[in-house]
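Down below is the structure, laid out as structure tokens.
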2 protein chains.
Amino acid sequence: MSDTQAPEKRRAPVKEGKESKKESKEGDERHEAIYRAVSDAIVEQRLKPGARLREDALADVFGISRTGIRKILQRLALEQLVTLTPRRGASVTRPTADEAKDVFDARQLIECGLMPDVARRMGEKEAAELREMARQERQALRSGQQSVAIRLSADFHVRLAQLSGNATLAEFVERLCSRSSLILAVYGHPGHLGCESHDHDDLIGYLETGNGERAKAFMSRHLKAIEASLSMVEEEESAPDLQQIFGG
Amino acid sequence: MSDTQAPEKRRAPVKEGKESKKESKEGDERHEAIYRAVSDAIVEQRLKPGARLREDALADVFGISRTGIRKILQRLALEQLVTLTPRRGASVTRPTADEAKDVFDARQLIECGLMPDVARRMGEKEAAELREMARQERQALRSGQQSVAIRLSADFHVRLAQLSGNATLAEFVERLCSRSSLILAVYGHPGHLGCESHDHDDLIGYLETGNGERAKAFMSRHLKAIEASLSMVEEEESAPDLQQIFGG
DNA sequence: GCTGGATTTGGTGTATACAATAAATAGCAT
DNA sequence: ATGCTATTTATTGTATACACCAAATCCAGC
């Protein structure tokens, strides 16, 4: 089965992904697609924290060479979704409790601070779009696709931030949300999902009526609720702490 | 001259940089050093906005191959200090007026929001360190090294954010500050520097006495003052706007 | 003399080959 | 039998070669 050595001139037709690519994508878009694929897989916990990401394996799967994979891994590392240890390669980041606190504090500061601006720029079209996103999220939740729901919830928060009109802060929120998804995947209870069913809809309501302060307060409670739902136990796997176990 | 093809076992002794390296740096640190060198050069405006950064040239200067340079350029691109256009290569980012507004709004939100935390964690040692930084900045300013002063000022703000204890937000501030330096370099008046002489010292005073709210308000004014000192004229160089010039 | 197209050239995009290192394993000695 | 050391192996780090695209140049035609 190892037919990987055949050096065809053109880049290999990349054995069908999950969706059929238009083939000769500009290569740049191809990278973007691969980046999204890996990123989504991490966020949806199909790749679990700690999982090693070998360059050869990824290169093989996506049909490009290690060069491109490395580029993507470095980007993911800068976003702190993967950890790059010097000569050990890449692995999915396992967020610590401290990091989790930092991330949620940061969200508290930024997302809440953005609400007044969002309320000001909120129009009918935007509200409709957000409602549709919230609907999809509820649906995913109902059909038991928890991981997908987590990602859709993150998408919702990011879109919200984008509506503030500040691209820089929106980008920050994007990074915070993907890290949050990772945190939820690790510390969240399996049955109990982060964003409660109707929170997002309620939020849209406040924003639609231009009530920025109300939305801000609600967002604050919303985020606090998510954070509170986490069970912050760091199970260490390496070094099973013999000292403590045997009462050193 | 072109003795580069000689495949010596060790990596080439890298023809002395500007400072003599300890030679066999771990390679990782070498990359970091190069990254800093380029980043500083941009922030200090020795590399002006729009300047092209050819991979070959950089590889030649730093004595590593294009592979490493590309990695560094990609990192700088993610931090938005350089712009990477698909087949044209890298160039120093020329911030637009919109971006400048976003960056300063973001700083307003984040840095001000951090002040109470900083005030809470402020000790004698931290205050002394900050005062020393402020001193260096003043000195650079006095000796006419405006670019250096801009960088030192950015360093000050970053250190402040780090003292909040939130590493994630500190990293955001770091990025905002380097972009701000770029903005100052483009839109700032030559003679009139951003951070007024004693602002930073005053700020340390408020923080030292644990007066977080006061520090917050002061920081807000401080940032507003910097932003107000900019002359937001975008001189377009490409397409000299014939329509407008000849009253289309 | 100027415009339009073909050719050349400079520079990036990608793959691959090779070197180096850390982990795993096996062998040896105690 | 166990612990230490040497060899092997698996995987990353780096450089370089080659392909490809875009812009600049040059030539021809009008």
Side-chain angles (χ1 to χ4, degrees), chain A residues 2-14 21 23-35 38 50-77 82-92 237-239, chain B residues 2-15 21 23-35 50-77 82-92 237-239:
Chain A
S2 66
D3 55 356
T4 53
Q5 85 288 6
E8 300 193 329
K9 283 298 160 60
R10 297 266 144 239
R11 56 178 69 89
V14 80
K21 296 267 139 57
E23 209 243 351
S24 86
K25 282 266 183 107
E26 278 245 324
D28 212 6
E29 304 184 23
R30 171 141 197 76
H31 277 60
E32 188 67 18
I34 296 175
Y35 162 78
V38 177
R52 288 194 55 183
L53 301 171
R54 292 198 304 104
E55 297 178 352
D56 278 343
L58 289 172
D60 203 28
V61 167
F62 291 109
I64 63 173
S65 88
R66 281 177 49 213
T67 310
I69 296 295
R70 287 178 71 88
K71 193 166 101 179
I72 290 164
L73 287 177
Q74 275 159 29
R75 177 169 167 193
L76 288 166
V82 316
T83 301
L84 234 48
T85 50
R87 299 199 198 269
R88 303 292 315 281
S91 60
V92 178
E237 73 228 280
S238 60
Chain B
S2 66
D3 56 355
T4 53
Q5 86 289 6
E8 300 192 331
K9 285 301 159 58
R10 298 264 145 239
R11 56 177 68 90
V14 80
K15 64 188 70 156
K21 296 266 138 62
E23 207 243 353
S24 84
K25 280 268 184 106
E26 279 247 321
D28 212 6
E29 305 184 22
R30 171 141 198 74
H31 277 61
E32 187 68 18
I34 296 174
Y35 162 77
R52 290 195 55 178
L53 302 170
R54 291 198 303 104
E55 297 178 353
D56 280 345
L58 289 172
D60 203 27
V61 167
F62 290 109
I64 64 174
S65 89
R66 279 179 50 214
T67 310
I69 296 295
R70 286 179 71 88
K71 192 166 101 180
I72 290 165
L73 286 177
Q74 276 159 28
R75 177 168 167 196
L76 289 166
V82 315
T83 301
L84 236 47
T85 50
R87 297 195 200 271
R88 304 292 315 280
S91 60
V92 178
E237 74 228 278
S238 61

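Order of the sequence lines fixes the chain letters, A, B, ..., with proteins taken first and strands second; residue numbering starts at 1 for each chain.
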Could you list the protein-to-nucleotides 8-11 of chain C atom pairs, N/O on both sides, closer than 3.5 Å?
| from | atom 1 | to | atom 2 | distance (Å) |
| --- | --- | --- | --- | --- |
| dG11(C) | OP1 | Arg54(B) | NE | 3.2 |
| dG11(C) | OP2 | Arg54(B) | NH1 | 3.3 |

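- Exactly one residue among Ile69(A), Leu58(A), Leu76(A) makes a side-chain contact (heavy atoms from CB on, under 4.5 Å) with Leu53(A). That residue is Leu58(A).
- To the nearest angstrom, P of dT12(D) lies 9 Å from CG of Leu73(A).
- Taking NZ of Lys71(B) as the start and CD1 of Ile34(B) as the end, the distance is 10.0 Å to the nearest 0.5 Å.
- Ile64(A) CD1 to Ile72(A) CD1: the interatomic distance, rounded to the nearest 0.5 Å, is 5.0 Å.
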List the steps, then state whether side-chain contact (heavy atoms from CB on, under 4.5 Å) holds for Arg70(B) with Glu55(B). CA-CA 7 Å; Arg70(B) 286 179 71 88; Glu55(B) 297 178 353; 2.9 Å; yes
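- With values rounded to the nearest 0.5 angstrom, Arg54(A) atom CZ is found 12.0 Å from Leu73(A) atom CG.
- Look at CZ on Arg66(A): it is 7 Å from C1' on dT11(D), rounded to the nearest Å.
- Between the CD atom of Glu29(A) and the C1' atom of dG13(C) there is a distance of 15 Å, given to the nearest Å.
- Between Thr67(A) and dT14(C), a side-chain N or O to OP1/OP2 separation shorter than 4.0 Å is absent.
- Rounded to whole Å, the distance from CD1 on Ile69(A) to P on dG13(D) is 14 Å.
- Rounded to whole angstrom, the span from the NZ atom of Lys71(A) across to the C1' atom of dA15(C) amounts to 13 Å.
- We find that CZ of Arg70(A) is positioned 13 Å from C1' of dA15(C), with the value rounded to whole Å.
- Regarding Arg30(B), its CZ atom lies at a distance of 15 Å from the C1' atom of dG13(D), rounded to whole Å.
- When the P atom of dA19(D) is taken as reference, atom CD1 of Ile64(A) falls 20 Å away, rounded to whole Å.
- Of all the heavy atoms in His31(A) and Gly68(A), the pair that sits closest is NE2-CA, 3.5 Å.
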